[in-house]
Structures are given as C-alpha cells and as structure tokens.
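Data first, discussion second: the structure below is written as structure tokens.
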Amino acid sequence: MSAETLTLHISPSGNDANDASASAPLASLEGARNRLRELSKAAPLGDVKIKLKKGVYFFDKGVVFDNSIARKDSAKIEIEGEKGAVFHGGKRFDASVLKRVSEAEILDRLPPEADKTKLYSIDLKANGLENCGEFGRRGFMLYGLSQSEVFIDGKPTVLARYPNGTDLLEIGEVLSTVAAPKLDAQSVFKPAEGFERYKRWKDCSELYLTGRFSFGYSDAVIKVLKLDAENGIFYTENPIWGVHPGQKAFDKIKDKSVLHRAAIPSVMHRGYAAYNILEEIDTDGEYVIDRKRGKIFIMLGDVSKIKNVDVSLLGEPFIKLDNVSGVEIKGISFCNSRAMGIELGKVSDIEIKKCKFFNLGLQGVKSSVWFKPFSDLSDLVSDNDYKLNGKTRNVEIKDCTFENLGCGGVYLCGGDARTLTRSENKVKNCYFKNTSRINKTYSPGIWLTGCGATAENNTITANDHGALFFNGCEITMRRNYIYDVCRHGMDMSAVYSGRNVYQRGNVFEENFVYYINPDATVHIHGVYLDDCLSGVIIRRNIFCKAGCSGNAININKGFDNVITDNVFVDCDSPIIEWMRKKKDILAGLEKESRTIFGNDGVATIIKKYPAAADIMTREQKNITEGNRFFNCGKLQKQSHLTGGVQKNIDVNFKTWDLKKIEKYFGDDPLVKELTSLKYGCDISPKD
C-alpha cells in the first residue's frame with residue numbers, strides 16, 4: 001500500500017454515518033463499500049485498505065465489490081480482519097432461546113425410543129426467524145440453498161431423519177418416473193414391502209427425501225408433494241434420472257430390457273431416507289423446521305452448558321467480486337450462512353488468504369461461471385460464458401481452512417482450454433475437512449476447471465465423496481495429502497475427471513493418497529480417469545491403501561495417459577485399464593468433446609499436444625513405467641511392471657504413514673525421495 005492509501009475502519013460497535021477513522025469506525029462492510037462508491041465519484045481512488053476490528057458482523061444481505069468503485073490503474077483494495085473478525089450469516093442467541101417442550105400434542109408425536117425430556121423449541125416469529133428459507137432443491141449439479149440450519153456452540157446439528165446416520169431405506173415398486181433430467185416431472189413410488197413406518201409421517205407439511213434414487217454415485221434431495229399414507233404411495237419431485245426400484249421390487253420385474261440404464265447397475269446401492277420429521281426426532285442434535293407450528297424443534301442434552309445457538313439465514317454470498325481486479329481478502333471467518341462465503345465473477349489478481357470458511361450451506365469460494373443444472377461434467381472447460389477469453393485469472397486462495405461445508409470447498413473456473421489461455425489460478429496450503437455435509441456427492445474440497453490452474457500442498461479429508469476434481473487443460477495437482485474420503489456411494493474416487501478425449505496437459509504429481517475407503521465393497525478408487533479421459537500424466541505419487549475396493553488408479557477406456565514412477569503400498573489393485581472393445585463409446589465422446597472444444601479448439605490442442613490427433617484411427621494405449629508395488633495385489637498386466645519393482649514383505653498394518661513406508665521400503669531410492677517430501681498444508685483447523 002502506498003503512503004496515500006485510503007483506510008476505512010470498521011467495528012461491530014461502529015456506525016455507518018461515522019467518518020471511518022479508527023476512533024469513529026463504520027459498522028459494516030456494506031457501509032465501507034458505499035463510502036468508497038461515493039468517494040470515487042469525485043475522482044478515481046488509489047489504494048484502499050478496509051480494516052475490520054475483531055468481533056461478529058451479522059449479514060442480512062451480501063456485499064458486491066465491482067466497477068462501481070472508480071479506481072486508478074493498478075490500485076488495490078485490501079479487506080483485512082483482525083484475529084477474531086467473523087462474518088455471520090444469521091442470528092445468534094444464548095441458551096435462553098431454547099424452551100423445553102411440554103405440550104402433550106407435540107411430545108406424543110415423538111418416536112417411542114426418544115427421551116421426551118430433551119425436546120426444546122425455538123419460536124420463529126418471536127426471534128425474527130420467519131424467513132428460515134425453503135429447502136433448496138439439490139442433487140447432481142444442483143446446488144440449491146440449504147434450509148436454515150442450527151449450530152450449537154459452532155457445531156452443526158442435523159435434520160431429524162429416518163433412518164438415522166447414513167443408512168438408507170429400500171425403494172419399492174415404482175409406479176411412475178421420468179428417467180431424464182426434467183425438473184417439472186413427478187415420480188410416484190411405494191416403500192419396500194413390509195415397511196410401514198411412513199404412516200407416522202402423514203401430518204408432515206414439509207417432508208423431504210434424501211438419498212441415491214438412480215445411480216449409486218449421485219444423491220438428491222426431493223420434496224414429497226403428497227404422501228398417500230393409506231395406500232403407501234409417495235408423490236415426489238423427480239430427481240435426475242428418476243426413481244428406480246430397490247432389490248426386492250427390481251427382482252420382480254421380469255422384462256428388465258424395458259428399464260432405463262439408471263435402474264440397473266446401482267440397485268444394491270440405491271435407497272432413501274426421510275427427513276425434517278417431528279415424528280423421528282430421537283437423537284441429540286436433531287432438529288426440525290416446523291413452519292406449520294412456527295417452531296424449530298431440537299433434541300438436546302444438557303443445555304446449561306450451551307453458550308451460543310446460531311441459526312443460518314443469509315441466502316447469498318457474503319462477498320461477491322465482479323468486474324474487478326486487485327482485491328485482497330485476509331483474516332476473516334465466514335460462517336453460519338445458507339449460501340457460500342465468496343463468489344468470484346469476472347475477476348483478476350485476487351488474493352484470499354488466512355480466511356476460515358465453516359458451517360456454510362454451499363461452498364467456501366465459488367466461481368460465478370459453473371455447470372448448468374444436469375449438464376455433463378465436461379462442459380466447463382473455460383470461463384467464456386463471460387466472453388473474456390479466459391481472463392478470470394491470477395486468483396490465489398492460500399492458507400485458508402474449509403470445514404463443515406454443504407456442497408464443496410473451492411470451485412474455481414478460469415482460463416480457456418479451447419485456446420489454452422492459462423488462468424494461473426492457485427489453491428495453496430489450504431485445509432479441507434467435510435465439504436460434503438449436505439450434498440453427499442460431487443462436493444469435493446477442490447474443483448478446478450478451465451486452463452492452467454494449480455492445487456498445491458493442500459490437505460483434503462473426511463468427505464463422503466471425492467476430494468479433488470478437475471476439468472479442462474493444463475491443470476496441475478501437486479504435493480497434496482488426500483486421505484479418508486469416498487466414505488459413501490460408489491463408482492467414485494479421491495481424484496476424478498472424465499468424459500473428454502481432448503483435455504490435455506493435466507498433471508497429478510507428488511501427492512500422497514492414503515486410506516481411500518479400504519473397507520468398501522463397491523467401486524472406489526484413488527484416481528479415476530473416467531469415460532475415455534485421455535492425456536493425463538500421473539507421476540511420482542504415493543498411493544497407500546488407496547482404492548482397495550476398486551483400484552488405486554482406474555482408467556475407464558482412456559488412452560495416452562502416462563503413469564510413471566509411482567509408489568503403491570498395500571493396494572489390492574494398483575492399476576486397472578478398462579480398454580474398450582468397441583469404438584462406439586469413443587465415437588460418441590469424441591463428438592461430444594469436439595462440440596465442447598469446437599474445431600478450432602481441437603486444432604489448438606493438437607498443435608501443442610500432437611498425441612491428441614487421429615484418436616479414432618490409431619492404436620490407443622497408455623504408458624506405464626517405473627512404478628513400485630509393495631505388498632500389493634495382483635497386477636492386471638505384466639507390462640505394468642515395465643522398468644518397475646514388485647516386492648512383498650511380511651507386515652500387515654491397518655494404518656500406514658510416511659515414516660513406516662520409508663522404514664520398510666526406503667532402500668528404494670524413489671521411495672526414499674518421495675517420503676521425504678512435504679505433502680499437504682502446514683496449517684490445521686485450529687490455526
């Protein structure tokens with residue numbers, strides 16, 4: 001910042017009519033933004049610093065920073081919070097807001113196993129919570145707002161559901177559904193034979209179902225439009241690819257050729273749970289939003305120790321940056337919102353550092369340009385929806401923590417894969433934990449798209465689904481530590497991309513991928529190159545107990561991939577190549593990829609990456625050389641051992657770490673070198 005920097009001070013005890021000095025601060029970020037707009041009308045501003053004193057700032061609407069603030073060329077805006085500066089997207093109460101429920105009409109509705117002395121309520125109207133927000137429709141590529149959530153001393157509570165935990169009920173006979181992405185359709189189906197607990201739910205005015213209704217890799221949240229409790233029939237919104245029967249009902253269908261593909265491969269992994277049901281509150285930390293009675297009901301144990309009860313309300317980003325460059329956001333916590341922390345539109349030269357994002361209903365940071373509902377994963381290879389020729393660039397997110405987020409950590413799009421215009425966007429030294437709290441699938445810690453982005457030295461853990469996704473070209477993923485993810489679902493991996501034969505220049509190198517659901521019985525992998533994805537370099541990584549129910553590296557019909565100098569430890573199946581027997585799959589995906597890139601884009605790719613040419617006529621193969629296999633299962637092909645090492649020793653550890661790997665296999669120079677590298681971030685959620 002220059003000596004002429006304009007500094008605005010903000011404090012929770014300030015007033016937006018003040019002069020913004022340290023002794024007379026403003027009260028809000030919105031007030032500071034408005035002050036800058038007014039000041040810039042006289043003349044473009046130079047560097048600006050907005051300083052937030054520690055304390056909690058409550059937002060009832062988001063704040064947009066854009067080109068309405070006139071600035072000199074290269075002038076910067078720095079928004080910095082003191083330690084303890086918190087942006088809160090709702091309302092905060094003490095424990096006195098909780099009233100013990102004594103009405104028999106309510107208590108009699110609880111399940112018999114519930115401790116009725118633990119039920120409390122929060123009055124919506126009396127506490128200014130009438131606008132709790134509708135449940136946003138969610139699912140595959142659908143990121144609807146979360147309902148208002150309740151957080152007790154910073155910990156999320158959960159919607160009352162049946163069954164509890166992660167178990168799902170079996171779907172019965174399907175009477176009507178649309179196996180296509182149609183939002184205006186209905187599905188009609190029955191519970192499985194013998195299940196009648198739904199009869200207790202007939203008075204629920206806002207009943208929702210969550211689960212996997214079609215494929216085992218795709219979850220959804222749908223509203224029950226009508227429950228015919230007498231006949232046992234659910235009338236619901238239609239999830240993507242419809243609702244399909246569970247095992248018992250599926251077995252009764254004699255002619256399965258009439259079924260949509262979605263009905264067949266995931267039958268063992270399909271099911272639903274019902275939630276937001278007063279009749280199913282039976283566990284501490286479960287809640288229900290009951291608009292009919294004007295209450296939030298919540299089951300709690302000892303309320304005498306509760307300090308804060310937070311309810312999320314904000315339905316838009318705290319901060320949106322659009323048509324702006326040269327902005328730094330530093331040292332701020334974003335929490336307790338139904339939406340995301342920061343949204344990035346048309347931006348360049350942006351820094352987001354030393355921030356915390358937690359207890360949000362959507363993502364921590366997300367690009368405005370993103371997949372359209374029900375679109376293919378491959379259609380976002382540039383940010384050209386803004387017609388900037390890939391000029392969303394130089395965004396750096398570093399030294400941040402992302403925890404307990406509803407639908408992902410960082411979703412960052414920039415650059416243009418069609419022209420190979422690099423964004424130079426970066427996500428560095430960040431910690432991600434449980435970023436799939438609401439959308440259980442397709443909510444990774446990091447999702448990079450476009451061209452020329454990097455994810456480096458990040459730690460990603462505790463996700464129900466994948467950890468790191470990428471779509472586009474020249475995306476680098478390096479020195480990340482990914483462990484204990486893919487806890488539920490099927491046909492997924494810690495690191496995932498697919499469905500594009502012209503994505504090139506993507507590199508996954510020097511990462512530590514560990515403990516990827518080794519107890520799963522379905523297709524769970526370490527790295528998954530899906531549906532003819534080609535041209536990826538996977539080199540110098542350590543895979544340990546990764547994809548033990550599937551494969552450490554799973555290549556589904558792709559080619560031109562290079563897998564070299566990786567170390568595999570205790571992986572039942574290190575590398576699998578599912579090569580296609582027919583070219584019709586490739587032909588379809590080539591056509592789809594060419595549509596996405598355009599002929600000019602394909603020509604640009606082939607010029608820099610000649611291996612992408614003639615893919616329909618030449619031999620398709622992958623290169624696998626110099627890899628190490630220690631205490632691993634059988635190799636699929638003898639050629640996978642080319643230039644490599646295979647060795648087994650008599651140890652059977654349930655858990656591993658880098659020190660153990662180095663101790664037992666460090667006589668190999670490659671192992672010695674890779675175990676000495678720094679993987680993951682050097683911060684923790686407590687920082």
Please step through ring-ring contact (aromatic ring centres under 6.0 Å, His included) for the pair Tyr411 and Tyr143, ending with a clear verdict. CA-CA 12 Å; Tyr411 286 12; Tyr143 302 110; 5.8 Å; yes
Trace of the ring-ring contact (aromatic ring centres under 6.0 Å, His included) decision for Phe630 with Phe665: CA-CA 8 Å; Phe630 301 114; Phe665 308 113; 4.5 Å; yes
Let's go through Lys248 and Asp251 carefully: what are the C-alpha distance in whole Å and the side-chain angles of both, what is the deciding distance for salt bridge (charged side-chain N to carboxylate O under 4.0 Å, His left out) to 0.1 Å, and is it a yes or a no? CA-CA 5 Å; Lys248 295 175 185 176; Asp251 289 342; over 6 Å; no
Chi angles and distances behind the salt bridge (charged side-chain N to carboxylate O under 4.0 Å, His left out) call for Arg539, Glu509: CA-CA 5 Å; Arg539 64 190 176 201; Glu509 64 181 1; 2.8 Å; yes
Evaluate the salt bridge (charged side-chain N to carboxylate O under 4.0 Å, His left out) criterion for residues Asp668 and Arg628: first the C-alpha distance (whole Å), next the side-chain angles of each, then the deciding distance (0.1 Å), finally the verdict. CA-CA 9 Å; Asp668 185 298; Arg628 313 303 201 257; 2.8 Å; yes
Working for salt bridge (charged side-chain N to carboxylate O under 4.0 Å, His left out), residues Arg504 and Glu474: CA-CA 6 Å; Arg504 299 286 156 153; Glu474 299 183 353; over 6 Å; no
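Asn429 places no side-chain N or O within donor-acceptor distance of the main-chain N or O of Lys398, the cut-off being under 3.5 Å. Panel note: side chain Asn541, backbone Val513; no donor-acceptor pair is recorded below 3.5 Å. Proximity of a side-chain donor or acceptor of Asp219 to a complementary backbone N or O of Lys440 within less than 3.5 Å is detected. A donor-acceptor pair under 3.5 Å links the side-chain atoms of Asn439 to the main chain of Leu142, judged by distance alone. Ser593 contributes no side-chain N or O that, together with a main-chain N or O of Tyr502, makes up a donor-acceptor pair within less than 3.5 Å. In this structure, the side chain of His525 engages the main chain of Asn551 through a donor-acceptor pair within 3.5 Å. A donor-acceptor contact shorter than 3.5 Å links the side chain of Arg418 to the backbone of Ile596. Here the side chain of Asn425 pairs a donor or acceptor atom with the backbone of Asn394 at under 3.5 angstrom.
Of the residues listed (Ile482, Thr459, Leu658, Asn480), the one engaging Phe512 in a side-chain contact (heavy atoms from CB on, under 4.5 Å) is Leu658, and it is the only one.
Partners of Lys252 by salt bridge (Lys or Arg N to Asp or Glu O under 4.0 Å), not counting sequence neighbours, listed by chain and number: Glu193. The salt bridge (Lys or Arg N to Asp or Glu O under 4.0 Å) search around Lys366 returns none, not counting sequence neighbours.
Between Asp560 and Arg618, at least one side-chain N (NZ, or NE/NH1/NH2) sits under 4.0 Å from a carboxylate O, which counts as a salt bridge. A salt bridge links Glu456 with Arg478: at least one charged nitrogen is closer than 4.0 Å to a carboxylate oxygen. Glu577 and Lys557 are not joined by a salt bridge, as no carboxylate oxygen comes within less than 4.0 angstrom of a charged side-chain nitrogen.
The aromatic rings of Phe469 and His465 sit perpendicular to each other, their planes meeting at more than 60°, with 30° as the lower class boundary.
Between the side chains of Ser436 and Ser443, no donor-acceptor pair of N or O atoms lies under 3.5 Å. Side-chain atoms of Asp530 and Asn556 form a donor-acceptor pair, as typed in the model, at a separation below 3.5 Å. A side-chain donor-acceptor contact under 3.5 Å links Thr435 and Asn463. When only modelled atom types and interatomic distance are considered, Ser368 and Glu343 share a side-chain donor-acceptor pair under 3.5 Å.
Figure legend: Lys256 and Phe250 shown as a cation-pi pair, the cationic atom lying under 6.0 angstrom from the six-membered ring centre and within 45 degrees of its axis.
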